[in-house]
Amino acid sequence: MSRASDMPTPRPHPLAPVLAGLARLISGVQVRWLESAPASRQRVYFANHTSHLDAAVLWAALPASARASAAPVAGRDYWERTAIRRYVATKVFQALLINRQPTGAERTRANAEHVVAQLVDALNQGWSLIVFPEGTRGSGEEVAPFKSGLYHVARHRPDVELVPAYLENLNRILPKGEVLPVPLLSAATFGPPLAIRPGEDKAAFLTRARDAVCGLKTS
């Protein structure tokens, strides 16, 4: 699944509620909505990134009506390593898989533009998106500066709500390099939607979006 146009019409897989329940069970996630509320309308959910569990847990934290048309944006290099991962990603999570590993400056710019085009195309088809603007997983100690993709998506589709979220403790439940989760509790906190402001430049918007995520940390 290399392009958004290859994505299926949103249709929950029979295993979706099973995997959503499993993700909530493994993570012990406590879901909070602060100055916002769950809704089935189209949104872009953006969050910090510290664990391979992040996309699954954030997806599972949404109500079923919203989850049915929410596509996590994930790296093809990880999710296409095995047939089982690829099936779960594309059929159950209905993920939009992107290329994260181009080489050379020109290829990097071209790939970034292609990724933005994929995201906008998916939104134009009616999907909601789950994105991690840091680009790669962090340590969990600090949220890294956001890459520019969220800004360009917001410019292309200013009508779509951008909902910040903060994920806590998932890096301890499934640390980098580990395959078995540690039984701990985690939290997914959603904040009030934001939108790009008239005349707001990229740096100001990305700083404001990152601050919105960081401000949801509870501990």
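The first residue of the sequence shown is numbered 1, and numbering continues consecutively from there.
- Within the 4.5 Å cutoff, the side chain of P145 has no heavy atoms near those of the L206 side chain.
- Contacts classified as ring pair (Phe, Tyr, Trp, His ring centres under 6.0 Å) and involving residues 51-74 (residues at least two apart or in different chains) are given here: H52-Y78, W59-F93.
- The backbone N or O of A187 sits nowhere less than 3.5 Å from a side-chain atom of E168 that would complete a donor-acceptor pair.
- Legend: residues meeting ring-ring contact (aromatic ring centres under 6.0 Å, His included) with H13, ordered by chain and number and at least two apart, are Y87.
- Residues T50 and L167 have side chains not in contact (no heavy-atom distance under 4.5 Å, counting atoms from C-beta outward).
- V29 and L22 fall within the same hydrophobic cluster, defined by Ile, Leu, Val, Met, Phe, Trp and Tyr side-chain heavy atoms under 4.5 Å apart, directly or through other members.
- Between L129 and A122 the shortest heavy-atom distance is CD2-CB, 4.0 Å.
- With sequence neighbours left out, F132 forms a ring-ring contact (aromatic ring centres under 6.0 Å, His included) with H49.
- Closest heavy-atom contact between W127 and A71: CE3-CB, 3.6 Å.
- The salt bridge (charged side-chain N to carboxylate O under 4.0 Å, His left out) test applied to R67 returns no partner, not counting sequence neighbours.
- Residues S128 and Q42 meet the side-chain proximity criterion, which asks for heavy atoms closer than 4.5 Å.
- We find the CG-CZ distance between L97 and R76 to be 6.5 Å, quoted to the nearest 0.5 Å.
- Annotation: the span from N124 atom CG to H156 atom NE2 amounts to 9.5 Å, rounded to 0.5 Å.
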For side-chain contact (heavy atoms from CB on, under 4.5 Å), just list the numbers for V143 and Y166, CA-CA rounded to whole Å, side-chain angles, deciding distance to a tenth of an Å, and then say yes or no.
CA-CA 10 Å; V143 178; Y166 192 89; 4.0 Å; yes
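- Between E113 atom CD and H152 atom NE2 the span is 8.5 Å, to the nearest 0.5 Å.
- What you find for E134 and K147 is that their closest heavy atoms are O-CE, 3.5 Å.
- How far CG of N169 is from CG of L53: 11.5 Å, rounded to the nearest 0.5 Å.
- Residues Y45 and L62 meet the side-chain proximity criterion, which asks for heavy atoms closer than 4.5 Å.
- Partners of R155 according to the side-chain contact (heavy atoms from CB on, under 4.5 Å) rule, which considers only residues two or more places apart in sequence or in another chain, are Y151, I196.
- When every heavy atom of L162 is checked against every heavy atom of A195, the shortest pair comes out as CD1-CA, 4.5 Å.
- Taking 4.5 Å as the limit, some side-chain heavy atom of S186 sits within range of a side-chain heavy atom of I173.
- When the side chains of ILVMFWY residues are joined at heavy-atom separations under 4.5 Å, either directly or via intervening members, L15 and V88 end up in a single hydrophobic cluster.
- Residue V31 comes nearest to A61 through the heavy atom pair CG2-CB, 3.7 Å, listed as atom of the first residue, atom of the second, then distance.
- Side-chain heavy atoms closer than 4.5 Å link hydrophobic residues (I, L, V, M, F, W, Y) into clusters, and following such links, even through other members, never connects L185 to F190.
- Annotation: the span from I26 atom CD1 to L184 atom CG amounts to 13.0 Å, rounded to 0.5 Å.
- Between the side chain of Q94 and the backbone N or O of A68, at least one donor-acceptor pair lies under 3.5 Å.
- Note that CG of L96 is 11.5 Å distant from CD1 of I130, once rounded to the nearest 0.5 Å.
- Side-chain contact between F205 and L194 is present, with at least one heavy-atom pair separated by less than 4.5 Å.
- Cluster annotation: V44 is connected to L34 through the hydrophobic network of ILVMFWY side chains, with a link wherever side-chain heavy atoms come within less than 4.5 Å.
- Counting heavy atoms from C-beta outward, S36 and P193 have side chains that approach closer than 4.5 Å.
- Taking each heavy atom of F46 and A209 in turn, the nearest pair found is CE1-O, 3.5 Å.
- Side-chain contact check for W79 versus R86: every heavy-atom pair is 4.5 Å or farther apart.
- For D159, the salt bridge (charged side-chain N to carboxylate O under 4.0 Å, His left out) test picks out R157, with sequence neighbours left out.
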